[in-house]
Amino acid sequence: MPDMPIDRPTPIDTPPRATEIEALGHRMAMVRDRIGRVIFGQEEVVEQTLITLLAGGHALLIGFPGLGKTRLVETLGTVLGLDDKRVQFTPDLMPADILGSEVMEESESGRRGFRFIQGPVFAQLLMADEINRASPRTQSALLQAMQEQRVSVAGRYHPLPLPFHVLATQNPLEQEGTYPLPEAQLDRFLLQIDIAYPDLDAERQMLVATTGAEQPPAEQVMTGDELRAAQKLVRAIPVGESVVQGILDLVRRGRPDTSDLPGLPDQVAWGPGPRASQALMLASRARALLDGRLAPSLDDVLALAGPVLRHRMAVTFAARADGIGVDDIIGKLCAPLG
């Protein structure tokens, strides 16, 4: 009687070859170089945005006017070879202005029918400019697109082009008349990227480069298909047990009901959910790949804790009265790992 074949478990992820990671690391270095020729003094912002795209997520960019948020998105679309579109969110913007709508058409034979006209959401890179100025109804129109990469109009599903990413911007000034994003939609953003003013040298370089007769154009380095391949590679990067445990400890420590830090349950109104752990895992992998490393470390987790957790938790009124902010809480959460 012939020997029966032995069933062996199939690994969920096949570890990628070191050469693939190194090659992609070199390619991403070129991407950063091309972006740096147009965007000055925002290296950390560029890195976090690229991490978001490599992880297949969406980003919320928060910064004062004139810091290059729109220019960054346009440059990313060119350098990465993505079809990018921009929507200026205003109080009178309707969901159909983003998703699209069906219109009645009549053929030459007199037969009538509906035809779907795609909205600007049908792009690979969508910039939602000042997203908090639109009504909650319009804001929620992006929820399904961001989560499912498809939209539903008149009972029919329409898939979005892949890869699909939303880079939304918010202005921390002029909050009167705005509609703060609800927690459910904030949680859809992989990272919250805070954009600060550039330093003196970077602002001097930007001043000279952008006020001359010619401005440096962005150059394409990748394509959308190559970005999708890079996103698959990110998910195949192995993660050590110490990093997995560190992510779990960090996130669970931020929840009032499971925190082991003294006093924290009285300072946190609500903590990060499981999607925060997923975001930290993917973002840490992407950061390692961006640097050409074969696996993430706890340093990656600590570096990304702020952008991942900042919009996924809130402090209590008593904590705010004592001058304690979300960043202070995140610092406490990271201390045991650092």
Side-chain angles (χ1 to χ4, degrees), residues 24-25 27-29 31-32 34-36 39 42-63 67-86 121 123-129 131 142-143 145-149 160-170 181 185-196 221-222 224 226-235 237 247 272 275-291 296 300-312:
L24 186 54
R27 178 65 67 87
M28 297 310 299
V31 169
R32 283 195 282 191
R34 298 301 188 274
I35 296 175
I39 306 297
Q42 299 288 359
E43 289 81 6
E44 187 174 357
V45 172
V46 171
E47 178 184 80
Q48 292 179 7
T49 307
L50 290 176
I51 287 172
T52 301
L53 299 181
L54 283 173
H58 315 284
L60 181 62
L61 306 173
I62 298 182
L67 294 183
K69 298 184 293 293
T70 302
R71 181 68 166 163
L72 173 61
V73 178
E74 293 174 350
T75 303
L76 283 169
T78 301
V79 175
L80 298 177
L82 302 177
D83 173 30
D84 62 288
K85 294 180 181 178
R86 177 180 178 270
V121 75
Q124 293 176 312
L125 187 63
L126 176 67
M127 179 179 183
D129 203 6
I131 188 174
L142 279 180
L143 276 177
M146 294 170 63
Q147 185 66 23
E148 302 179 13
Q149 297 180 335
L160 297 173
L162 298 177
F164 173 72
H165 301 279
V166 174
L167 298 182
T169 70
Q170 278 191 188
L181 294 175
Q185 187 160 350
L186 284 173
D187 202 26
R188 260 66 175 186
F189 291 100
L190 187 86
L191 301 183
Q192 175 183 312
I193 303 174
D194 292 345
I195 304 178
V221 176
M222 295 181 66
E226 289 174 336
L227 178 59
R228 291 192 65 190
Q231 292 170 351
K232 293 181 180 179
L233 187 61
V234 166
R235 289 180 172 268
I237 291 179
I247 291 174
R275 194 176 278 124
S277 303
Q278 296 171 328
L280 263 177
M281 177 77 83
L282 285 172
S284 297
R285 283 170 159 167
R287 190 173 188 265
L289 188 146
L290 197 61
D291 292 340
D300 297 311
V301 177
L302 294 174
L304 293 166
V308 169
L309 299 180
R310 197 171 287 132
H311 57 297
R312 290 186 166 96

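One-based numbering along the sequence shown.
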Can you see which heavy atom on A230 is nearest to which on L24, and at what distance?
CB-CD2, 3.4 Å
Taking 4.0 angstrom as the limit, do D194 and R310 come out as a salt bridge?
yes
Find out whether T52 and H165 are in side-chain contact, i.e. whether some heavy atom of one side chain is under 4.5 Å from a heavy atom of the other.
no
Which pair of non-hydrogen atoms, one from L162 and one from Q124, has the smallest distance, and what is that distance?
O-NE2, 3.2 Å
Identify the heavy atoms of G57 and L190 that sit nearest to each other, and give their distance.
CA-CB, 4.2 Å
Evaluate the side-chain proximity of L61 to Q170: yes if any heavy-atom separation is below 4.5 Å, no if none is.
no
Quick check for you: to the nearest 0.5 Å, what is the distance between L304 atom CG and M281 atom CE?
13.0 Å
Could you list the residues that satisfy side chain to side chain contact (heavy atoms under 4.5 Å, CB included) with E148, not counting sequence neighbours?
Q144, R150
Starting from the C-alpha separation in whole Å, work towards a yes-or-no answer on side-chain contact (heavy atoms from CB on, under 4.5 Å) for K85 and M127.
CA-CA 6 Å; K85 294 180 181 178; M127 179 179 183; over 6 Å; no
Should L227 and L54 be marked as a side-chain contact (heavy atoms from CB on, under 4.5 Å) after you check the CA-CA gap, both sets of side-chain angles, and the distance that decides it?
CA-CA 7 Å; L227 178 59; L54 283 173; 4.3 Å; yes
Pairing donors with acceptors under 3.5 angstrom, does anything connect the side chains of D187 and Q185?
no
From R287 atom CZ to Q48 atom CD, the distance as rounded to the nearest 0.5 Å:
9.0 Å
In terms of side-chain geometry, is the basic nitrogen of R32 or E43 positioned less than 4.0 Å from the acidic oxygen of its partner?
no
Any P296 side-chain heavy atom under 4.5 Å of I237 side chain
yes
Starting at CG of L282, measure out to CZ of R275 and round the result to the nearest 0.5 Å.
12.0 Å
Are any non-hydrogen side-chain atoms of I131 and L181 less than 4.5 angstrom apart?
yes
Point-to-point distance, once rounded to the nearest 0.5 Å, from CG of L142 to NE2 of H58
9.0 Å
The reported gap from CZ in R228 to NZ in K232 (rounded to nearest 0.5 angstrom) is 5.5 Å
Which of these, Q192, K69, H311, sits in a side chain to side chain contact (heavy atoms under 4.5 Å, CB included) with I62?
Q192
So how far is it from E74 CD to L125 CG, rounded to the nearest 0.5 Å?
10.0 Å
Side-chain heavy atoms of M222 within contact of M28, under 4.5 Å
yes
Side-chain touch L76/L167, heavy atoms, less than 4.5 angstrom
yes
Min side-chain heavy-atom separation L60-L191 under 4.5 Å
no
Can you name the closest pair of heavy atoms from A288 and D300 and give their distance?
CB-OD2, 4.2 Å
What one should report as the nearest heavy-atom pair of A276 and V308 is O-CG1, 3.7 Å
Beyond-backbone contact of V121 with F164, side-chain heavy atoms, under 4.5 angstrom:
yes
side-chain contact (heavy atoms from CB on, under 4.5 Å) evaluation trace for Q42 with L72:
CA-CA 10 Å; Q42 299 288 359; L72 173 61; over 6 Å; no
What heavy-atom pair brings I51 and A286 nearest, and what distance separates the two atoms?
O-CB, 3.7 Å
